[in-house]
Amino acid sequence: MKNNYQGYFIDLDGTMYKGTKRIPAAARFIRRLQDAGKQILLVTNNSTRSPEFVADNLTTNHDIHVNSDNVYTTALATADYLDQIAGDKRRVYVVGESGLRNALISRHFTITDMSPDYVVVGLDSKVTYDKLATAVLLIRAGATFIGTNSDSNLPNQRGMVPGAGSLVKLVEYATQKRPIMIGKPEKIIMAMALKKSGLNKEQVVMVGDNYNTDIKAAINFGIDSLLVYSGLSTKLEVSKEAIQPTHQVDSLDDWQVE
């Protein structure tokens, strides 16, 4: 079993923690990676939080001691992707929260509803009909449609509430235009994470608990994957998939770091 990877791309919810509950094996796993000098990038479809917030939450609530440089969100991946393709077309209308807006501003994009080049739709817990209507009208007028991620739901204390993908689908339905999607299971977030890492595909592995996002992202991008059965996917479900994860473990404690 090949496990001498230099870089680990790691999912958060279900892999590093379960909601507010700790996964003790996750903290031990991160410490072993750090002791071995491995590069760690926590790759999340959450576009609402800043890397600083995510790192602080991991340190404070889950005993996982990382810094903001170890966190890569769909907000950062969206900003990095647009920065790569935009040239001087840097006007963006955003349906999303501060994590997404700040990531775009940090890449020198202007947030505006006046003739933007791009409309980016992510999770927005304060979304209004007017904000979505504006997004639809701007895309119909010619702006390029970008979606942060396709997650239909996300878990919180109330249950499975609508995720960013639900807002993206509403805008897609009203515009009849397919968005460019950034987050897992798409390739773009993986390509941007790999670029940030400075490593090549053979040197990295994607670690996650969800076959349909984490593992499919690795498969779509052509890198190895490690599925841990600490979260969403079950062995029975995964056994039926045509393409299996490169590696599977019951707990991150079972993974040998070389």
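Heavy-atom basis, side chains included; hydrogens, waters and symmetry copies ignored.
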Without placing hydrogens or testing angles, list every side-chain donor-acceptor pair under 3.5 Å for residues 104-111, not counting sequence neighbours.
from, atom 1, to, atom 2, distance (Å)
Ser106, OG, Ala103, O, 2.7
Arg107, NE, Asp80, OD1, 2.7
Arg107, NH2, Asp80, OD1, 2.6

Query raised in the report: If you measure from the Lys or Arg side-chain nitrogens to the Asp or Glu carboxylate oxygens, is any gap between Arg28 and Asp35 under 4.0 Å?
Result: no
Partners of [X] by salt bridge (charged side-chain N to carboxylate O under 4.0 Å, His left out), sequence neighbours excluded?
X: Asp124; answer: Lys131
X: Asp117; answer: none
X: Arg32; answer: none

Close side-chain approach of [X] to [Y], heavy-atom, < 4.5 Å:
X: Met192; Y: Leu76; value: no
X: Val71; Y: Thr73; value: yes
X: Ser230; Y: Lys18; value: no
X: Leu41; Y: Tyr8; value: no
X: Val207; Y: Thr15; value: yes
X: Met190; Y: Leu194; value: no
X: Val92; Y: Thr112; value: no
X: Phe9; Y: Ile223; value: yes

Indicate if [X] and [Y] have the same hydrophobic cluster label, given that clusters are the connected sets of ILVMFWY residues with side-chain heavy-atom separations under 4.5 angstrom.
X: Phe29; Y: Val54; result: yes
X: Ile40; Y: Val249; result: yes
X: Phe145; Y: Tyr118; result: no
X: Ile215; Y: Leu232; result: no
X: Val168; Y: Tyr93; result: yes

Find the distance between [atom1] ([X]) and [atom2] ([Y]) and round it off to the nearest 0.5 Å.
X: His65; Y: Thr60; atom1: NE2; atom2: OG1; result: 8.5 Å
X: Ile146; Y: Ile180; atom1: CD1; atom2: CD1; result: 4.0 Å
X: Lys21; Y: Asn61; atom1: NZ; atom2: CG; result: 15.0 Å
X: Ser152; Y: Met160; atom1: OG; atom2: CE; result: 6.5 Å
X: Thr44; Y: Ile10; atom1: OG1; atom2: CD1; result: 12.5 Å
X: Thr74; Y: Ile188; atom1: OG1; atom2: CD1; result: 12.0 Å

Between [X] (side chain only) and [Y] (backbone N and O only), is there a donor and an acceptor less than 3.5 Å apart?
X: Asp83; Y: Ala79; result: no
X: Asp56; Y: Phe53; result: no
X: Gln203; Y: Asn200; result: yes
X: Ser47; Y: Leu100; result: no
X: Glu172; Y: Leu167; result: no
X: Gln6; Y: Gln39; result: no
X: Asn220; Y: Pro185; result: yes

Query - Crowding at CD, Gln256 (>12 non-hydrogen neighbours, <6.0 Å) - result: no
Query raised in the report: With a cut-off of 6.0 Å (strictly less than), are more than 12 heavy atoms of other residues, nucleotides or ligands near CE of Met114?
Result: no
Looking only at heavy atoms, which two atoms of [X] and [Y] are closest? And how far apart?
X: Tyr72; Y: Ile189; value: CE2-O, 4.0 Å
X: Gly99; Y: Ala75; value: O-CB, 3.5 Å
X: Ala77; Y: Ile182; value: CB-CG2, 3.7 Å
X: Ser233; Y: Tyr229; value: O-CD2, 3.4 Å
X: Ala26; Y: Ile64; value: CB-CD1, 4.1 Å
X: Val66; Y: Thr59; value: O-OG1, 3.5 Å

Query - Residue list, ring pair (Phe, Tyr, Trp, His ring centres under 6.0 Å) with Tyr17, at least two apart or on another chain - result: His62
Requested in this report: Going by the side chain to side chain donor-acceptor pair (under 3.5 Å) test, name the single residue among Asp214, Thr213, Asn45 that passes it with Lys184.
Outcome: Asp214
Report task. Before giving the answer on side chain to side chain contact (heavy atoms under 4.5 Å, CB included), spell out for Val161 and Asn153 the whole-Å C-alpha distance, their side-chain angles and the decisive distance to 0.1 Å. Result -> CA-CA 5 Å; Val161 299; Asn153 299 80; over 6 Å; no
Between [X] and [Y], is any side-chain donor less than 3.5 angstrom from a side-chain acceptor?
X: Thr48; Y: Asn46; answer: yes
X: Gln248; Y: Gln244; answer: yes
X: Asn210; Y: Asn212; answer: no
X: Glu97; Y: Ser125; answer: yes

Query raised in the report: Under the side chain to side chain contact (heavy atoms under 4.5 Å, CB included) criterion, do Arg101 and Val120 qualify, and how do the steps go?
Result: CA-CA 10 Å; Arg101 288 195 302 273; Val120 178; over 6 Å; no
Query raised in the report: Could you walk me through whether Ile23 and Met16 pass the side chain to side chain contact (heavy atoms under 4.5 Å, CB included) check?
Result: CA-CA 6 Å; Ile23 298 177; Met16 292 289 96; over 6 Å; no
Query raised in the report: In terms of ring plane angle, is the pair Tyr5 and Trp255 parallel, tilted or perpendicular, where the classes change at 30° and 60°?
Result: parallel
**Report entry** From CA spacing to verdict: side chain to side chain contact (heavy atoms under 4.5 Å, CB included), Asp209, Asp11
**Finding:** CA-CA 8 Å; Asp209 70 295; Asp11 173 57; 2.9 Å; yes
Query raised in the report: Considering the options Val228, Leu226, Asp254, which one meets the side-chain contact (heavy atoms from CB on, under 4.5 Å) requirement together with His247?
Result: Leu226
Report summary line: With Phe221 as partner, the option from Met206, Lys216, Lys201, Glu186 fulfilling side-chain contact (heavy atoms from CB on, under 4.5 Å) is Lys201
Show me, pair by pair, the donor-acceptor contacts under 3.5 angstrom made by side chains of residues 132-143, not counting sequence neighbours?
from, atom 1, to, atom 2, distance (Å)
Thr134, OG1, Asp130, O, 2.9
Arg140, NH1, Ala174, O, 3.0

